[in-house]
Amino acid sequence: MSNPSIEQHIITSLTELALSEGIKPDNITLEIPRQKEFGELACNVAMHSAAQIGIAPRALAERLAQAFPCSGDGVEAVNVAGPGFLNFKLAPGYFHRLLAEILQDPQGFGSSTESAADSPQSMVQSPQSVVNRRGLTAELGENRWLFEFVSANPTGPLNVVSARAASVGDALVRIFRKRGYTAHSEYYFNDGGKQVLLFGASVRARLAETEGRADEAVIPEDGYQGEYVIDVARSWRLANPDVTEFDDAAIGRWAVDWMLKAQQAQLARFRVSFDRWFRENELYDDGRVETTVKRMTELGITYDKDDALYLKTKDFGDTDDRVVRTSDGRLTYRVPDIAYHLDKFARGYARSVDLLGPDHHGHIITMTAAMKALRLPDGFYTALIAQQVNLKRGGEEIKMSKRTGVMLTLDELVDEVGVDAARFFFLRRKVSSPLDFDLELAKKHNDENPVYYVQYAHARICSILRQPRAKEFGFWILDFGLKNEEAHERRVIPAQAGIQTDGLQIEDCRLDVEERSETIQNPKSKIQNPSGLPLHLLTAKEELDLLRQIALFPWTLAAVVRTIEPHPLTSYLVDLARCFHLFYQRHRVISDDKEMTAARLALCYGTAAVIKEGLNLIGVEAPERM
RNA sequence: GCGCCUGUAGCUCAAUCGGAUAGAGCAGCGGCCUUCUAAGCCGCAGGUUCCGCGUUCGAUUCGCGGUAGGCGCGCCA
């Protein structure tokens, strides 16, 4: 049995067998049983289809199981259990072959194009289409995804919710790319309007305060009260030593630019980079905001009332219609946001996934309705709420800082617990769940802390691979690194024709096309001739358990893509580390038995590769020593 | 009042498109280092999955109705 994948093989075989039983098998799927006594894969086709030919599910399952072709390096046995499950037990030879494939291309394991035929290492067949739990579908080929996250106004330091969104968004982008998607990240920010004016006024007040002009040192009622504004004021004065005329707008523009650079530095330190920083003003400057208003009017989805212009969002699912132009002629924030999403669509993205803060979820229903009203395809717009982070220090809640105006800034978080622990903790829970974050726990370097549990497994393996005896067998420490510096060269090409969607012509279509650089991998990471290794000696329970867990890696990544939730990956890595620690405890890798030593070194090497790549995907280091 | 999120072991949370006996970690007790890293491993407990009804061969999962907590409901962003 060779490529295509084992899952494809099982599904194809089952389909043929079902047809010969006179059953029309629609949508045969495999799942991974909860209990491992049930084998590695299970299928419920008998329960679904038995009614078609009027026999009991178990009886049908028995017939299918009897006829199923087994082999020494694929499916070893098929059993019927429970109400009619078909349970597939995979042969050890299957896992040995899989390990050999990993050794040949350690970093490539788990990669996919999310299509059925060409993911040979995949434990479970990737779906033909990706349907997430919100019922949205992305067909194959529609693989350009844009992830927008953080998108905080550059008027203050980034807080922990931004940190959470940064961890999640960045991990999603990395994982989607690994699974063959074209995924980009964007940070959208407001560089104009009322907030910038207010920020400018706040900076001016702080400036007056530091320069002893008490009568001018009044921060506006709804201005920025945080003491960090003093830093901004001082920096402004250093950059503008001779200015005596104070203009809120000009100071605001300068301050926003300053703060944006600070945020970029904070995010870079957190190992999060964006493919594009998108200025809201850009949408005004090139007329896309006005075009959007015009388009809404032409589509007849607006009306005038009380001198204001309303968008009929209520007709498309919102609880109310929404004002898009106020009675004094200003456009509300919704218009550039809608224009921004039209722009994303025009740039050829099939999906826009926005990570929003918990205080913005009222905005989603309006935006969803607006997308519908403007006739963008269903499923283009997806908004996820990164829920609040409850910060604690040793069980005690952290209070708002007067200095920063937030409980904890991203920088303070990194200072206190480090990037690795912070990122790992943010990814342990569903995005939509509130997250308890105890800084004391994240700082602990002991068994209570899952980050170090996973990293320790990797460091232990490196320690083995450092042994002189290991090098004799041709194994080296893996040296592919974090891929956050991966280059994306982008160029914009004019579209052949505009994009057409349900009567809406988007004429100013500009597809961003990126050329991805090949990831450079040290050739030492690839093990030559792995099929010559005596992997068949890996038959102990702990060895096979570890191999099974390794085999789940592609499936786990597929689950992340399907649910648009990165948290299954952290759970997976903890489980993988546990399997390794257990193996390590029970079996000596380097011994006088040369054959067994070679086989176990290979197992260790494969495990390290998966841990390292898994940690890469969530932006966490895999240290070689701890 | 309306909308969104959440409710699972003492605590923090998992649970695959609706699947089989609902699983981990922590907290508690007891063991394991002259041998590749003890930041590790092993053993011992804990459940009306908030409540009710419905759909289904099968519900923690889907639907309806309650209930508790969080958040949001502006011609602010």
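Chain naming here is simple, since letters A, B, ... match the order of the sequence lines and numbering starts at 1 in each. Given the structure is predicted, the values throughout are model-derived calculations rather than measurements. In what follows, every heavy atom counts, from backbone to side chain, and hydrogens, waters and symmetry copies are set aside.
Under the 90° criterion around 0 for the glycosidic angle, C33(B) counts as syn.
Within the nucleic acid shown, Ala457(A) has no heavy atom closer than 4.0 Å to any nucleic acid atom. Pro33(A) comes within 4.0 angstrom of a base, heavy atoms only. Nucleic acid contact for Arg625(A): base, since at least one base atom lies under 4.0 Å from a heavy atom of the residue. Residue contacts for Asp438(A): at a heavy-atom cut-off of 4.0 Å it reaches no nucleic acid atom on any strand shown. Using a 4.0 Å heavy-atom cutoff across all strands shown, Asn44(A) reaches at least one base atom of the nucleic acid. Among the heavy atoms of the strands, none lies under 4.0 Å from Asp307(A). His581(A) comes within contact range of the sugar-phosphate backbone alone, with a heavy-atom separation under 4.0 Å but no base atom that close. Among the protein residues, Thr29(A) comes within range of the nucleic acid bases, having at least one heavy atom under 4.0 Å from a base atom. Residue-level contact check: Pro83(A) touches the bases, meaning some heavy atom is under 4.0 Å from a base atom. Within 4.0 Å (heavy atoms only), Leu582(A) reaches sugar-phosphate atoms of the nucleic acid but no base atom. Across all strands, Ala459(A) comes closer than 4.0 Å to base atoms (heavy-atom distances).
Of the candidates A77(B), A14(B), A39(B), A77(B) carries the atom nearest the Asn190(A) side chain, counting heavy atoms from C-beta on. Ranking U6(B), C76(B), C36(B) by closeness to the Lys430(A) side chain, first place goes to U6(B). Distances from the side chain of Tyr333(A) to the nucleotides A77(B), C57(B), A14(B) place A77(B) closest. Of the candidate nucleotides C57(B), A20(B), A24(B), A24(B) has the atom nearest to the side chain of Arg578(A). Proximity note for Gln585(A) (side chain, C-beta onward) versus C41(B), G72(B), A20(B): the nearest is C41(B). Residue Arg562(A) has its side chain nearest to U16(B) when only U16(B), A20(B), A77(B) are considered. You'll find that the side chain of Ala308(A) is closest to C75(B), out of C75(B), A15(B), A20(B). With C76(B), C71(B), C2(B) as the candidates, the nucleotide lying closest to the side chain of His361(A) is C71(B). The listed nucleotides are C57(B), C36(B), A14(B); the one nearest the side chain of Ile464(A) is C36(B).
At the phosphate of C42(B), neither OP1 nor OP2 sits under 4.0 Å from any side-chain N or O atom of Arg586(A). Contact check, Gln388(A) against U6(B): no side-chain N or O comes under 4.0 Å of OP1 or OP2. Between His363(A) and G3(B) there is no side-chain polar atom (N or O) within less than 4.0 angstrom of OP1 or OP2. Taking only side-chain nitrogens and oxygens, Arg34(A) never comes nearer than 4.0 Å to OP1 or OP2 of U16(B). At C13(B), none of the side-chain N or O atoms of Ser571(A) fall inside 4.0 Å of OP1 or OP2 (strictly under the cut-off). For the OP1/OP2 pair of A38(B) and a distance below 4.0 Å, the side-chain nitrogens and oxygens of Arg460(A) include at least one atom meeting the criterion. Proximity of Tyr584(A) to the phosphate of A38(B): a side-chain N or O atom is located under 4.0 Å from OP1 or OP2. In this model, the phosphate group of C41(B) is approached by a side-chain N or O of Tyr453(A) to a distance below 4.0 Å at OP1 or OP2.
Judged by ring centres under 5.5 Å apart and planes tilted less than 30 degrees, Tyr456(A) fails to stack against the six-membered base ring of G40(B).
In this entry the distance linking CD1 of Ile611(A) with P of G40(B) reads 13 Å, nearest Å. Following rounding to the nearest Å, Asp320(A) (CG) and G74(B) (P) show an atom-to-atom distance of 8 Å. Taking atom CG of Leu41(A) as the reference point, atom C1' of A20(B) lies 15 Å away to the nearest angstrom. When rounded to the nearest whole Å, the span between CZ of Phe583(A) and P of G40(B) equals 18 Å. For the pair Tyr187(A) OH and A77(B) C1', the interatomic distance rounds to 13 Å; values are reported in whole Å. The OH-P distance, from Tyr224(A) to C76(B), rounds to 15 Å in whole Å. When rounded to the nearest whole Å, the span between CG of Asp359(A) and P of C71(B) equals 11 Å. Going from atom CD1 of Ile461(A) over to atom C1' of C36(B) covers 12 Å, rounded to whole Å.
With contacts defined as side-chain heavy-atom distances shorter than 4.5 Å, the pair Tyr605(A)/Leu601(A) does not qualify. Looking at Ile338(A) and Met371(A), their side chains come closer than 4.5 Å, going by heavy atoms from C-beta outward.
Neither side chain, Asn190(A) nor Tyr333(A), offers a donor N or O lying under 3.5 Å from an acceptor on the other. Between the side chains of Asp328(A) and Thr326(A), a donor-acceptor pair is found at a separation under 3.5 Å. A donor-acceptor contact closer than 3.5 angstrom is absent between the side chains of Glu282(A) and Tyr340(A). For the residue pair Thr313(A) / Arg322(A), no side-chain donor-acceptor distance below 3.5 Å is found, with atom types taken as modelled.
Partner of Arg600(A) under the salt bridge (Lys or Arg N to Asp or Glu O under 4.0 Å) criterion, out of Glu543(A), Glu595(A), Glu542(A): Glu543(A) alone.
Here, C11(B) and A27(B) have their P atoms 16 Å apart, quoted to the whole Å. Between G70(B) and U12(B), the two P atoms lie 15 Å apart (nearest whole Å). The separation of U48(B) from G43(B), taken at their C1' atoms, amounts to 30 Å, rounded to a whole angstrom. Distance noted for atom C1' between C4(B) and C17(B): 23 Å (whole Å).
A salt bridge between Lys36(A) and Asp545(A) is present, with a side-chain N of the basic residue lying under 4.0 Å from a carboxylate O of the acidic one.
In this structure, Leu86(A) and Thr326(A) both approach RNA chain B, and ranking their closest nucleotides by distance from the 5' end singles out Leu86(A). Comparing Arg466(A) and Arg322(A) by the nucleotide of RNA chain B that holds the closest heavy atom to each, the one mapping nearer the 5' end is Arg466(A).
In this structure, Lys372(A) forms no cation-pi arrangement with Phe316(A), as its terminal cationic atom is not both closer than 6.0 Å to the ring centre and no more than 45° off the ring axis.
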